[in-house]
Amino acid sequence: METHKTGCIICGRELQYFQQKKTMRCEVCGVEFESAASCTDNHFVCDECHSRPGQAVITSMALRTPGRNPITIAEEMMKNSIINMHGPEHHYLVIAALLAAFKNSGGYVEMESALSLARQRSEKVPGGVCGFWGSCGAGIGTGIFMSIITGATPLSVKQWQLANKMTSLSLEAISENGGPRCCKRDTLLAILTAIDFVKEKISIEMDKPEIVKCSFHHNNPSCKKDSCVFF
Ligand SMILES: [Zn+2]
Ligand SMILES: [Zn+2]
């Protein structure tokens, strides 16, 4: 299926969000879901159909890259034409880019099983949670990353603290920059925050770029332009 990379993947129109969910049929898999988003022409695509094609690409890039800079790895993933401008696939992308750079920088992680955990957990974080839950999925992604590399569970003490602190620091950085949602900006902010926190707490130093410039704004009609730190 030929898909659009910005807005609605069926027709390219802007998405609209509702306070109350509605029952809608996914244009790709035909299954009915309750959802709070559709395009202005009423197309609805479920999170799984939105994310699944990108997941395989993200996984294979994370397994192959020798890179130590998670921003560069994330940018390469996002440049792949299968990754949409916005969408819940970014929740997995943040974790995968960080896991790869962490391992390549000397961190201990078994990549295949870590990526599998990352997929299982990030799939539970729906699109639009930034606005509806007050918890951007890219920020939650850094907490999932920290939980995976430290082996945190709800009963852990130190690991539990690190995972929750990681999410809170990312959300702080994301919130400081204000809305509207931009999966590129929030992915970059979350990863930059994780680089610093991992260096401080885990003593693994991933490469951090001096300057980050967004190359995706042409495809984002709601880009904040001059008021975005990466413009
Ligand atoms: Zn549409
Ligand atoms: Zn579907």
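Nothing fancy with the numbering, it's 1 onward along the sequence. One-based numbering, in listed order, for ligands and for the atoms of each. Side-chain atoms are counted along with the backbone in the values below, which use heavy atoms only and exclude waters and symmetry mates.
- Side chains of Q16 and S38: a donor-acceptor N/O pair is present below 3.5 angstrom, by distance only.
- Hydrophobic clustering (ILVMFWY, side-chain heavy atoms < 4.5 Å, transitive): I174 and Y17 are in one cluster.
- Counted by atom type alone, N84 and H90 present zero donor-acceptor pairs between their side chains at under 3.5 Å.
- Rounded to the nearest 10 degrees, the angle SG (C11) to the Zn ion (ligand 1) to SG (C39) equals 110°.
- With hydrogens and angles left out, the side-chain atoms of Q120 and S116 include a donor and acceptor closer than 3.5 Å.
- Looking only at N/O/S atoms, H43 comes nearest to the Zn ion (ligand 1) through ND1.
- No more than 12 heavy atoms of other residues, nucleotides or ligands sit less than 6.0 Å from atom OH of Y108.
- For the Zn ion (ligand 2), the nearby protein N/O/S atoms, meaning those under 2.8 Å, are C26 SG, C29 SG, C46 SG, C49 SG.
- Remark: the backbone N or O of C223 is not paired with any side-chain donor or acceptor of H217 at under 3.5 angstrom.
- Side-chain contact between P88 and E123 is absent, with no heavy-atom pair separated by less than 4.5 Å.
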